[in-house]
A.B. asks: 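Once you've had a glance at the structure underneath, I'll fire off some questions.
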Amino acid sequence: MELALYAPGLGYYSAGAAKFDASGDFITAPELSALFARTLARQFAPLLARTGDMADGDILELGAGSGRMALDLLTELESIGRLPRRYRILEISGDLAGRQRDLLVEHAPHLAERVEWLHTLPESFSGVIVANEVLDALPTHLVVWREAGIDERGVAVEAGEFVWRDQPITGGRLLTAATRLQRRGCMSGNAGGYLSEINLAAGQLVASLANILVKGVVLLIDYGFGESEYYHAQRDRGTLMCHYRHHAHEDPFHLPGLDDMTSHIDFSAIAESGVSAGLRLAGYTTQAQFLINCGITELLETLAAGDPPGYASIARAAHKLLSPAEMGELFKVMALSKNWPEPLSGFTQGDKRRLL
């Protein structure tokens with residue numbers, strides 16, 4: 001999965017092709033409408049105002065996609081007088097970094113001057129770290145629980161074709177995690193042949209963010225569930241999915257390097273990784289509830305008054321962001337904080353930490 005997504009010049013995120021909008025393979029929330037980032041800005045503004053001891057804090061975005069969310073966030077924060085000192089983007093794809101830079105320079109050159117691109121995490125950071133649909137694109141392990149033992153599912157080549165091949169897990173962190181899940185009875189009744197994912201890389205990333213964060217909040221937005229729902233007995237084929245030209249399928253051997261590959265997020269494991277690394281679980285709720293708490297409905301009313309002809313398209317985007325049948329319920333928002341004891345406005349209603 002790591003090679004298929006990130007191999008230089010060949011991986012899905014390393015090659016030069018449109019990915020995030022109607023002409024690509026999928027559409028992320030920031031691509032639907034500026035409404036998403038404008039609403040996020042209402043959560044960011046108070047955090048930026050009170051993060052630094054003497055000055056405003058920074059924003060660090062992980063995997064900025066097309067750069068649309070960065071542009072819309074900066075534009076909205078400028079309009080309310082709360083720009084960050086710096087907007088940092090951690091982007092491992094040179095192609096995407098170039099597209100992000102071009103977009104910002106074209107639409108807001110004065111804001112582009114505030115943006116810094118990174119290849120690695122900074123040594124320390126204060127402010128807001130945001131990752132929208134990043135964790136799901138991290139390489140995950142496929143694990144098969146059987147009565148005879150626990151196997152890892154890998155990839156082999158036979159007669160010039162990719163095939164699945166299982167082998168026993170003999171030790172290490174993967175076996176520890178798989179055994180713990182089995183003992184908790186998460187896949188009860190299916191131990192003879194239960195396939196799912198364990199994403200160690202996601203937990204490692206969260207731990208790395210905890211290590212650099214001095215004061216502030218990590219905001220994670222992605223699709224997934226708590227542990228009991230993720231490893232439900234009926235979800236016995238896992239969540240690994242591929243996307244090609246807005247068509248979702250389950251065959252990662254189809255056009256490797258051209259297909260996006262993702263898996264849902266076990267937010268219980270993310271919370272455990274963060275807390276173990278010294279962060280506080282400051283909030284967990286659905287995307288719909290988070291956006292409502294941050295004032296998306298009030299923002300819609302303002303937009304309706306200011307642009308009646310364009311309101312219909314904005315309302316359609318809002319429906320996709322909020323509807324339980326679209327992104328509203330499947331997508332979750334988790335906040336992990338350090339040295340930030342105050343409640344966050346995005347989690348004032350609809351707290352779902354009990355489901356982790």
Side-chain angles (χ1 to χ4, degrees), residues 1-8 10-14 19 28 60-65 89-93 96 118-122 125 129-145 150-155 164 167 169-181 186 195-213 218-227 230-231 238-243 252 256-257 259-279 281 331-334 336 356:
M1 184 172 178
E2 182 174 2
L3 288 171
L5 294 179
Y6 301 108
L10 296 173
Y12 180 77
Y13 287 108
S14 301
K19 299 170 176 66
T28 62
L60 171 60
E61 183 180 358
L62 309 185
I89 294 176
L90 178 64
E91 183 57 72
I92 63 174
S93 168
L96 289 177
L118 308 176
H119 298 292
T120 59
L121 289 173
F125 182 85
I129 302 175
V130 59
N132 180 62
E133 291 197 56
V134 171
L135 297 180
D136 65 89
L138 295 178
T140 188
H141 294 274
L142 288 181
V143 177
V144 186
W145 288 264
I150 305 175
D151 291 344
E152 180 176 11
R153 177 155 294 179
V155 180
W164 294 118
Q167 61 184 17
I169 307 174
T170 57
R173 295 173 58 245
L174 183 59
L175 181 60
T176 300
T179 302
R180 183 176 67 248
L181 287 168
C186 295
L195 171 69
S196 194
E197 305 87 24
I198 296 178
N199 197 326
L200 299 179
Q204 291 169 342
L205 175 59
V206 171
S208 296
L209 298 178
N211 289 335
I212 69 167
L213 187 63
V218 179
L219 201 64
L220 306 170
I221 308 168
D222 228 310
Y223 43 88
F225 320 98
E227 180 183 279
Y230 194 104
Y231 297 104
T239 70
L240 187 70
M241 290 294 295
C242 303
H243 302 270
D259 275 7
D260 181 33
M261 297 172 62
T262 72
S263 65
H264 286 45
I265 299 305
D266 173 6
F267 277 102
S268 296
I270 296 300
E272 289 179 7
S273 296
V275 171
S276 296
L279 299 177
L281 178 59
F331 278 72
K332 309 298 193 304
V333 184
M334 175 174 282
L336 300 163
L356 295 172

A.B. asks: Give the C-alpha distance, both sets of side-chain angles, the deciding distance and a yes or no for ring-ring contact (aromatic ring centres under 6.0 Å, His included) between H264 and Y230.
C.D. replies: CA-CA 8 Å; H264 286 45; Y230 194 104; 7.2 Å; no
A.B. asks: Identify which one of L175, D151, L195, L174 satisfies the side-chain contact (heavy atoms from CB on, under 4.5 Å) criterion when paired with V143.
C.D. replies: L174
A.B. asks: Donor-acceptor pair, E197 side chain versus T239 backbone, under 3.5 Å?
C.D. replies: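 Judged by distance alone, yes, a pair lies under 3.5 Å.
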A.B. asks: Look at the aromatic rings of Y13 and Y6 and report parallel, tilted or perpendicular, splitting at 30° and 60°.
C.D. replies: parallel
A.B. asks: Please round to the nearest 0.5 Å and tell me the distance separating atom NE2 of H243 and atom CE of M261.
C.D. replies: 10.5 Å
A.B. asks: CG of N199 to CG of L142: how many Å apart, nearest 0.5 Å?
C.D. replies: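 One gets 10.5 Å once the value is rounded to the nearest 0.5 Å.
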A.B. asks: Would you check, one step at a time, whether the test side-chain contact (heavy atoms from CB on, under 4.5 Å) holds for W164 with V155?
C.D. replies: CA-CA 5 Å; W164 294 118; V155 180; 4.0 Å; yes
A.B. asks: Restricting to non-hydrogen atoms, name the atom on V206 and the atom on S273 that form the minimum distance, rounded to 0.1 Å.
C.D. replies: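 Reported closest heavy-atom pair: CG1-C, 4.3 Å.
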A.B. asks: Does the pair Q204 and L138 meet the rule for a side-chain contact (heavy atoms from CB on, under 4.5 Å), with working shown?
C.D. replies: CA-CA 11 Å; Q204 291 169 342; L138 295 178; over 6 Å; no
A.B. asks: For a quick test of reading the model, state the closest non-hydrogen atom pair linking A201 to P139 and the distance between them.
C.D. replies: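 The answer is CB-O, 3.7 Å.
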A.B. asks: Roughly how far apart are D136 CG and I221 CD1, rounded to 0.5 Å?
C.D. replies: 12.0 Å
A.B. asks: Search all heavy atoms of I198 against all heavy atoms of T140 and return the closest pair with its distance.
C.D. replies: O-OG1, 3.3 Å
A.B. asks: Looking only at heavy atoms, what is the nearest atom pair of D259 and C242, with distance?
C.D. replies: OD2-CB, 4.1 Å
A.B. asks: If I take atom OG1 from residue T262 and atom CG from residue L135, how far apart are they, to the nearest 0.5 angstrom?
C.D. replies: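 T262 atom OG1 to L135 atom CG measures 12.0 Å (nearest 0.5 Å).
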A.B. asks: I need the minimum non-hydrogen distance between A207 and A277, along with the two atoms involved.
C.D. replies: CA-CB, 3.9 Å
A.B. asks: Hey, which of L336, V218, L219, L121 is the one that makes side-chain contact (heavy atoms from CB on, under 4.5 Å) with I129?
C.D. replies: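 Filter result, single survivor: V218.
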A.B. asks: Find the distance between CD (E272) and CG (L281) and round it off to the nearest 0.5 Å.
C.D. replies: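 Going from the CD atom of E272 to the CG atom of L281 covers 11.0 Å.
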A.B. asks: Is there a side-chain contact between L220 and I265 (heavy atoms, below 4.5 Å)?
C.D. replies: no
A.B. asks: What's the spacing between L209 CG and L279 CG if we round to 0.5 Å?
C.D. replies: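 Spacing of CG (L209) from CG (L279) equals 8.0 Å.
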A.B. asks: Can you tell if the side chain of M334 reaches within under 4.5 Å of the side chain of L356, non-hydrogen atoms only?
C.D. replies: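 Result yes, sub-4.5 Å side-chain heavy-atom pair found.
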A.B. asks: So which atom in L5 and which in A137 form the shortest heavy-atom distance, rounded to 0.1 Å?
C.D. replies: CD1-O, 3.3 Å
A.B. asks: Checking L181 against W145 for the side-chain contact (heavy atoms from CB on, under 4.5 Å) test, could you report, in this order, the C-alpha distance in whole Å, the side-chain angles of both residues, the deciding distance, and whether it holds?
C.D. replies: CA-CA 10 Å; L181 287 168; W145 288 264; 4.0 Å; yes
A.B. asks: Mind checking whether D222 and F267 have side chains closer than 4.5 Å, heavy atoms only?
C.D. replies: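 Result yes, sub-4.5 Å side-chain heavy-atom pair found.
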A.B. asks: For A64, is there any backbone N or O sitting under 3.5 Å from a side-chain donor or acceptor partner on E91?
C.D. replies: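 Side chain of E91 to backbone of A64, a donor-acceptor pair under 3.5 Å: yes, one is there.
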